[in-house]
*Asks:* 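Sharing a structure below in structure tokens format, with a few things to ask.
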Amino acid sequence: MPANVEQLLSVLDVSQSYGMERIVFGMGSNVLFPDKPKPGTLYISLKNMTDVTVNGSGWFVSSGIPLSMLSLAGLLAGSPEFQFTYLLPGCLGAGIYMNAKYYDEQIGDKIEKVYYIDLDDPTLSLQTIHAKDCLFAYKQSIFQHKPWLIVGAQFRVPEQAGELAVCLSRLLTQQKAANENGLSSLVTFYSYFSREIIKLQSRRIRIPEPMKHIEQYRTEKRHFKFPSCGSFFKNNYAAGLSIGAMVDRLGLKGLSCGGAVISPYHGNMILNVRQATASDILALKDTVSEAIELHYGFIPEPEVAIL
């Protein structure tokens with residue numbers, strides 16, 4: 001768990017020298033890890049990379065910053081830019097990788113450029129790419145097709161850059177002091193952010209309606225009651241229905257395999273309710289895929305990164 005780019009480069013350099021396979025992720029919220037990892041595989045989490053700095057016309061944020069922290073910093077700074085990130089599990093790097101979104105807002109529209117390392121480049125030098133060249137689309141980006149490791153991004157909010165950066169840094173310091181184990185547990189994640197919202201309300205800070213709607217939706221759908229990888233499949237909007245609605249119509253909600261179950265509250269989530277294995281989850285994934293192909297004529301594409 002490197003804490004900065006220098007430590008990350010050292011880990012990458014040594015693992016490259018020994019020919020180790022490297023799996024790099026943030027908090028792991030949208031990743032299904034294998035039951036039996038291959039020997040010699042190095043798992044690198046970037047969740048400790050949480051630098052925030054103001055530079056030039058914007059502000060730089062490291063990959064490990066929890067996405068939801070942006071929404072709290074926006075409230076404190078009086079900026080509406082990041083309301084949609086509230087209760088989005090995971091961190092910034094992963095959010096850029098998959099162009100995380102909620103309704104009509106997505107992270108690709110908020111950034112100016114991305115800093116990355118090309119893992120195929122022997123020099124492992126830090127490089128940049130402008131947002132317009134990142135091929136952002138619905139849950140898509142250029143990073144899904146390149147061996148590029150995202151280490152941070154510069155945002156486009158110059159008029160409030162300094163205040164946002166200060167608020168974000170303060171929140172991160174407070175969170176680390178209060179919760180040394182981080183926010184990788186969904187229960188801990190939700191508990192932390194719901195408490196922070198209550199604190200802000202006690203300070204007479206108004207919570208915008210979009211954030212209240214997010215809170216209501218995610219709690220009604222029990223998103224944080226059990227471990228899960230979040231929404232399992234990408235929606236196919238050409239089909240006219242969401243994956244969750246299709247699963248509901250096919251009568252698959254509540255179906256279980258081993259310790260895993262298709263959520264009774266949200267058809268596009270597979271929950272780990274009793275020490276489920278990756279195999280249990282993949283069996284349910286295949287059941288859903290086959291049923292949708294049979295009844296709707298297409299194979300749904302997983303949103304989850306399956307290792």
Side-chain angles (χ1 to χ4, degrees), residues 2-13 15-16 22-31 44-70 73-74 79 81-82 84-85 88 90-102 104-162 164-165 168 234 301 303-305 307:
N4 52 51
V5 173
E6 290 73 22
Q7 290 181 14
L8 173 61
L9 289 172
S10 295
V11 172
L12 293 175
D13 184 53
S15 59
Q16 183 173 271
R22 298 170 294 207
I23 304 294
V24 187
F25 58 100
M27 292 197 291
S29 61
N30 215 207
V31 181
I44 306 171
S45 168
L46 305 187
K47 68 179 181 179
N48 284 350
M49 290 178 55
T50 55
D51 289 337
V52 182
T53 55
V54 178
N55 54 4
S57 62
W59 53 313
F60 171 83
V61 181
S62 292
S63 280
I65 299 286
L67 275 172
S68 294
M69 283 290 186
L70 296 172
S79 170
E81 286 289 319
F82 303 107
F84 78 101
T85 69
L88 272 180
C91 54
L92 176 65
I96 293 171
Y97 177 88
M98 66 175 293
N99 194 20
K101 66 170 293 183
Y102 190 82
D104 295 329
E105 293 197 85
Q106 57 190 20
I107 203 70
D109 293 335
K110 310 297 181 181
I111 60 177
E112 185 172 333
K113 58 185 174 182
V114 179
Y115 295 78
Y116 70 94
I117 296 167
D118 184 348
L119 296 178
D120 281 350
D121 179 3
T123 67
L124 296 175
S125 57
L126 192 62
Q127 302 184 49
T128 62
I129 181 171
H130 283 273
K132 63 182 176 60
D133 300 317
C134 289
L135 307 182
F136 287 124
Y138 170 65
K139 297 188 177 178
Q140 291 285 331
S141 76
I142 194 172
F143 303 99
Q144 296 174 20
H145 310 287
K146 301 280 188 180
W148 294 353
L149 174 55
I150 300 165
V151 299
Q154 181 152 315
F155 284 88
R156 289 181 182 134
V157 280
E159 68 280 1
Q160 295 161 307
L164 277 160
L168 186 54
K234 297 179 183 179
E301 179 186 356
E303 176 180 324
V304 171
L307 302 184

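FYI, side chains are in, hydrogens and waters are out, and symmetry mates aren't considered; it's all heavy atoms of this structure. Because the structure is predicted, anything quoted here is derived from the model rather than measured.
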*Asks:* Got a second to check how far M49's CE is from Q7's CD, nearest 0.5 Å?
*Replies:* 9.0 Å
*Asks:* Measure the SG-CD1 distance between C134 and I150 for me, rounded to the nearest 0.5 Å.
*Replies:*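 One finds 8.0 Å between SG of C134 and CD1 of I150.
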*Asks:* Flag the pair I107 / N99 as yes when at least one side-chain heavy-atom distance between them is below 4.5 Å, and no otherwise.
*Replies:* yes
*Asks:* How close do L119 and Q16 get, heavy atom to heavy atom, and via which atoms?
*Replies:*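 Here L119 and Q16 meet closest at O-OE1, 4.1 Å.
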*Asks:* How far does CZ of F60 sit from NZ of K113, to the nearest 0.5 angstrom?
*Replies:*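 If I round to the nearest 0.5 Å, the distance is 10.5 Å.
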*Asks:* Looking at NE2 of H145 and CG of L135, how far apart are the two atoms once the value is rounded to the nearest 0.5 Å?
*Replies:* 7.5 Å
*Asks:* Might you work through the side chain to side chain contact (heavy atoms under 4.5 Å, CB included) test for F143 and I129, ending with a clear yes or no?
*Replies:* CA-CA 11 Å; F143 303 99; I129 181 171; 3.8 Å; yes
*Asks:* Once you round to the nearest 0.5 Å, how far does OG of S63 lie from CG of D51?
*Replies:* 10.5 Å
*Asks:* Side chains of M69 and L168: closer than 4.5 Å at any heavy-atom pair?
*Replies:*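 M69 reaches L168 side chain to side chain.
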*Asks:* Is any side-chain heavy atom of Y115 less than 4.5 Å from a side-chain heavy atom of V5?
*Replies:* no
*Asks:* To the nearest 0.5 Å, what is the distance between OG on S10 and CG on L8?
*Replies:* 8.5 Å
*Asks:* Return yes if some donor-acceptor pair links the side-chain N/O of S45 with the main-chain N/O of K47 below 3.5 Å, else return no.
*Replies:* yes
*Asks:* With under 30° as parallel and over 60° as perpendicular, where do the rings of W148 and Y116 fit, or are they tilted in between?
*Replies:* parallel
*Asks:* Is a side-chain N or O of E112 found less than 3.5 angstrom from the main chain of A131, in a donor-acceptor match?
*Replies:*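 No, E112 side chain to A131 backbone: no donor-acceptor pair under 3.5 Å.
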*Asks:* Does a side-chain heavy-atom distance below 4.5 Å link L46 with L149?
*Replies:* yes
*Asks:* For the pair L126 and I117, evaluate side chain to side chain contact (heavy atoms under 4.5 Å, CB included) and give the outcome as yes or no after the intermediate values.
*Replies:* CA-CA 5 Å; L126 192 62; I117 296 167; 4.1 Å; yes
*Asks:* Does the side chain of K139 come within less than 4.5 Å of Q106's, by heavy atoms?
*Replies:* no
*Asks:* What closest approach, in Å, do M27 and P66 show between heavy atoms, and which atom pair accounts for it?
*Replies:*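 Here M27 and P66 meet closest at CE-CB, 4.3 Å.
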*Asks:* Is there a donor-acceptor contact under 3.5 Å from the side chain of R22 to the main chain of L12?
*Replies:* yes
*Asks:* Within the distance-only criterion (no hydrogens, no angle test), does the side chain of S68 pair as donor or acceptor with the backbone N or O of T85 below 3.5 angstrom?
*Replies:* yes
*Asks:* Would you say that F155 contacts L92 through its side chain, given a criterion of any heavy-atom pair below 4.5 Å between the two side chains?
*Replies:*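 Contact flag for F155/L92 side chains = yes.
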*Asks:* Between A165 and V54, what is the shortest heavy-atom contact and its length?
*Replies:* CB-CG2, 3.5 Å
*Asks:* Let me see the working for F136 and I111 under side chain to side chain contact (heavy atoms under 4.5 Å, CB included), right down to the final yes or no.
*Replies:* CA-CA 11 Å; F136 287 124; I111 60 177; 3.7 Å; yes
*Asks:* Contact between F25 and N30 at the side-chain level, heavy atoms closer than 4.5 Å - yes or no?
*Replies:*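 They are not in side-chain contact.
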*Asks:* Report yes if the side chains of E81 and E105 come closer than 4.5 Å at any heavy-atom pair, otherwise no.
*Replies:*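 Contact flag for E81/E105 side chains = no.
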*Asks:* Would the number of heavy atoms belonging to other residues, nucleotides or ligands and lying under 6.0 Å from CG of D104 be above 12?
*Replies:* no
